[in-house]
Chemist: 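Quick one: the structure is below, questions incoming.
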There are 2 protein chains.
Amino acid sequence: MKSKYMMIYNDLVSQIEKNKLKPNDKLLSENEFIKKYEVSRETIRKALNLLAQNGFIQKIRGKGSFVLDINKFDFPVSGLVTFKELSKKLNKNSITILDKLELKEPEAYIKKELNLENQKIWEVIRVRNIDGENIILDKDYLDSTVVEYLDEKICKDSIYNYLEDQKKLDISFAKKEITVEGATKEDYKLLDMKNFDMVVVVKSHVYLNDASLFQYTESRHRPDKFRFIDFARRNKNS
Amino acid sequence: MKSKYMMIYNDLVSQIEKNKLKPNDKLLSENEFIKKYEVSRETIRKALNLLAQNGFIQKIRGKGSFVLDINKFDFPVSGLVTFKELSKKLNKNSITILDKLELKEPEAYIKKELNLENQKIWEVIRVRNIDGENIILDKDYLDSTVVEYLDEKICKDSIYNYLEDQKKLDISFAKKEITVEGATKEDYKLLDMKNFDMVVVVKSHVYLNDASLFQYTESRHRPDKFRFIDFARRNKNS
DNA sequence: GAGTGGTCTAGACCACTTG
DNA sequence: AAGTGGTCTAGACCACTCG
């Protein structure tokens, strides 16, 4: 955030997103960046490595760093991103409908997913309406010992906003699993399923900075509207 | 590969995979690692940061680094991994059936996906049979100016093995897109579709180290057998 | 206060690309 | 030969956790 390499990273990301740096453009060399930002080489390299990791640039030894033509920003992207952040980027006409908000004893399988003892959980069921159609069903389960309070307003806006900005929780990482399953009665009831009989299910376990699990989520998508984009670098360690 | 931080990274990964380091175990501190491996701190930190990035450990300031309980290795995992590498990890009984191998003029949409001029392409169509069922249909299209030669043996084994080990190509990164589509006649013909009428489609654009695009792939999965696991860290830059 | 990880520096040597 | 990125070092200061 305030670290030098993060500021340089954010500066370059915004230049790429604003198209001030275009695909195939050559960045300044590391030595030129050193002069421009008045920092050491390793600091520049941290920023550039982050850009490479996230698919913005490709570094080529002996040649330089080049902007990639991966327009990840037209679509949903991998990573840990909230629905609100996404719909903002996509410029879609989206509404969130709160179907259920309840502090309750967890069902057995939720208890298992969240490794709970006797804590209660918040169950939040929300329907995402995009361009007039109910497309996504989000079912969230949050450990009430971590998240003591929730209300309708928070759920309709963004739970993560509240947790990060108000509660200062440090949401750190998630394990996500994508599968395709038969639609349930609940899916048919809450979503505009047309003639589809399957849904894409994204199950997430979300962890705080101290590696504690606090949230389990099932995000159920009508198959024709589901899209997941991933940028992957190849590992050749072994 | 031969770099110090990569050797340390691989050493620790193998300790975690062999369960010599168990979930929630505390790693040595950075200063202890310095003594153990006789390297500088930044070198240790490069190795540990790679582990954190890939979901093996969580670093907590003031406390230490801890092994995560993310059993990514039971399942398909995100990243740029070949079918052969995957099936080896999964210990499944898998067979590859070569349906088509042809050097030809590309169809218009392939030409577009690969930004081709007048090059011919290799079209490779393979069916993956797992535990006796035809589950996955892989359609590969490779730029023949990059990959001049292919044969049946290579396609039945692993194209990437050949390209990396024999041809010394540096496969670097890919953009992948996951969607769900209606099954085509080809899907019905080549896959054991049971009663399903949709397939999960993974479209990949694969690039070399010099950022040149050389392969486009469509991997079509029967929906009940598809599973994608992703480990994601949250970015809070903006 | 001692120990931990996070950031940053200045300098070194290397491998690779290009003119 | 000059310029590029890749690795590595030794040391510094900081913010955080914990007893």
Side-chain angles (χ1 to χ4, degrees), chain A residues 1-12 24-53 56-68 168-170 172-173 208-212 233-237, chain B residues 1-12 24-53 56-68 168-170 172-173 208-212 233-237:
Chain A
M1 198 69 60
K2 47 195 165 198
S3 67
K4 292 185 183 178
Y5 80 88
M6 261 304 176
M7 291 182 54
I8 296 170
Y9 170 78
N10 285 329
D11 187 20
L12 292 171
N24 300 317
D25 275 4
K26 187 172 179 301
L27 297 188
L28 297 183
S29 75
E30 295 180 351
N31 280 314
E32 291 168 320
F33 273 130
I34 288 171
K35 289 169 204 153
K36 175 169 176 189
Y37 288 110
E38 295 182 307
V39 295
S40 73
R41 185 157 166 238
E42 288 290 2
T43 300
I44 292 294
R45 286 179 55 73
K46 271 188 197 166
L48 295 183
N49 284 335
L50 250 191
L51 287 167
Q53 230 176 78
F56 290 100
I57 66 169
Q58 179 75 350
K59 309 177 77 178
I60 307 177
R61 203 207 313 248
K63 294 176 84 170
S65 299
F66 301 85
V67 179
L68 287 180
K168 302 295 176 197
L169 286 186
D170 205 345
S172 181
F173 62 92
L208 300 178
N209 174 263
D210 65 358
S212 66
R233 289 194 174 270
R234 180 152 172 81
N235 297 320
K236 268 164 305 199
N237 332 316
Chain B
M1 194 72 59
K2 45 198 167 197
S3 68
K4 292 186 184 179
Y5 79 89
M6 260 304 176
M7 291 182 53
I8 297 171
Y9 170 78
N10 285 327
D11 187 19
L12 292 171
N24 300 316
D25 275 4
K26 188 173 178 299
L27 297 188
L28 297 182
S29 75
E30 295 180 351
N31 280 314
E32 291 168 321
F33 273 130
I34 289 171
K35 289 171 205 153
K36 175 170 176 189
Y37 288 109
E38 294 182 305
V39 295
S40 73
R41 186 158 166 238
E42 288 289 2
T43 300
I44 292 295
R45 285 179 56 73
K46 271 187 196 166
L48 295 182
N49 284 335
L50 250 192
L51 287 166
Q53 228 177 82
F56 290 100
I57 66 169
Q58 180 75 352
K59 308 176 80 179
I60 307 177
R61 204 206 315 246
K63 295 176 85 169
S65 298
F66 300 85
V67 179
L68 286 180
K168 302 294 175 199
L169 286 186
D170 205 345
S172 180
F173 61 91
L208 299 178
N209 173 263
D210 65 358
S212 66
R233 290 193 174 271
R234 181 151 169 80
N235 298 320
K236 267 163 305 198
N237 332 314

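Naming convention: chains lettered A, B, ... in sequence-line order (proteins, then strands); numbering from 1 in each chain.
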Chemist: Expressed in angstrom and rounded to an integer, what is the separation of A:Phe66 atom CZ from D:dT4 atom P?
Modeler: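 Answer to the nearest Å: 11 Å.
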Chemist: As a test of understanding, state which of B:Asn49, B:Leu50, B:Leu48 forms a side chain to side chain contact (heavy atoms under 4.5 Å, CB included) with B:Ile57.
Modeler: B:Leu48
Chemist: Among B:Arg45, B:Lys46, B:Lys35, find the residue that satisfies the salt bridge (Lys or Arg N to Asp or Glu O under 4.0 Å) test when tested with B:Glu30.
Modeler: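 Of the listed options, the one satisfying the test is B:Arg45.
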Chemist: Quick check for you: among C:dG11, D:dG5, C:dC8, whose closest atom lies nearest to any side-chain atom of A:Glu30?
Modeler: D:dG5
Chemist: Is B:Tyr5 close enough to D:dT7 that one of its side-chain N or O atoms is under 4.0 Å from OP1 or OP2 there?
Modeler: yes
Chemist: Taking all atoms of both residues into account, what is the closest heavy-atom pair of B:Ile34 and B:Val39, and its distance?
Modeler: CG2-O, 3.2 Å
Chemist: May I ask you to verify if any side-chain N or O of B:Lys26 is less than 4.0 angstrom from the OP1 or OP2 atom of C:dT4?
Modeler: no
Chemist: Taking atom P of C:dG3 as reference, at what distance in whole Å does atom CZ of B:Phe33 sit?
Modeler: 18 Å
Chemist: Contact class for B:Leu48 (heavy atom, under 4.0 Å): base, sugar-phosphate, or nothing?
Modeler: nothing
Chemist: Can you tell me if B:Thr43 touches the phosphate of D:dT9, counting only side-chain N or O atoms and a distance under 4.0 Å to OP1 or OP2?
Modeler: yes
Chemist: With DNA chain D as reference, determine whether A:Arg45 or B:Lys63 sits nearer its 5' end, using the nearest nucleotide of each.
Modeler: A:Arg45
Chemist: Looking only at side-chain N and O atoms, does B:Ser40 come under 4.0 Å of OP1 or OP2 in D:dC8?
Modeler: no
Chemist: Could you give me the CA-CA distance, side-chain angles and deciding distance for B:Phe33 and B:Ile8, then say whether side chain to side chain contact (heavy atoms under 4.5 Å, CB included) is met?
Modeler: CA-CA 10 Å; B:Phe33 273 130; B:Ile8 297 171; 5.6 Å; no
Chemist: Whole Å only: how far is the CD atom of B:Glu38 from the P atom of D:dT9?
Modeler: 10 Å
Chemist: When the distance from CD of B:Glu32 to C1' of C:dG5 is rounded to whole Å, what number comes out?
Modeler: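 Atom CD in B:Glu32 sits about 13 Å away from atom C1' in C:dG5.
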Chemist: In this structure, how many angstroms lie between the C1' atom of D:dT9 and the CD atom of A:Glu42, rounded?
Modeler: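 In whole Å, D:dT9 C1' lies 10 Å from A:Glu42 CD.
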Chemist: Just the rounded figure in Å: distance from C1' of D:dA10 to NZ of B:Lys35.
Modeler: 15 Å
Chemist: Report the residue (A:Lys4 or A:Gly62) whose heavy-atom-nearest nucleotide on DNA chain C is the more 5′ of the two.
Modeler: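 Looking at the nearest nucleotide for each, A:Lys4 comes out on the 5' side.
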Chemist: Quickly work out the B:Arg61 CZ to D:dC13 P distance and round it to whole Å.
Modeler: 18 Å
Chemist: What is the distance, to the nearest angstrom, from the CE atom on A:Met6 to the P atom on C:dC8?
Modeler: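 For the pair A:Met6 CE and C:dC8 P, the rounded distance is 10 Å.
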Chemist: Which of these nucleotides, C:dA12, D:dA12, D:dT4, is closest to any side-chain atom of B:Arg41?
Modeler: D:dA12
Chemist: Distance-only, no hydrogens or angles: does the A:Gln58 side chain make a donor-acceptor pair with backbone N or O of B:Asp210 under 3.5 Å?
Modeler: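 Checked: no pair found.
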Chemist: Does B:Lys59 or A:Val39 map to a spot on DNA chain C nearer the 5' end, using the closest nucleotide for each?
Modeler: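 Counting from the 5' end, the first nearest nucleotide belongs to B:Lys59.
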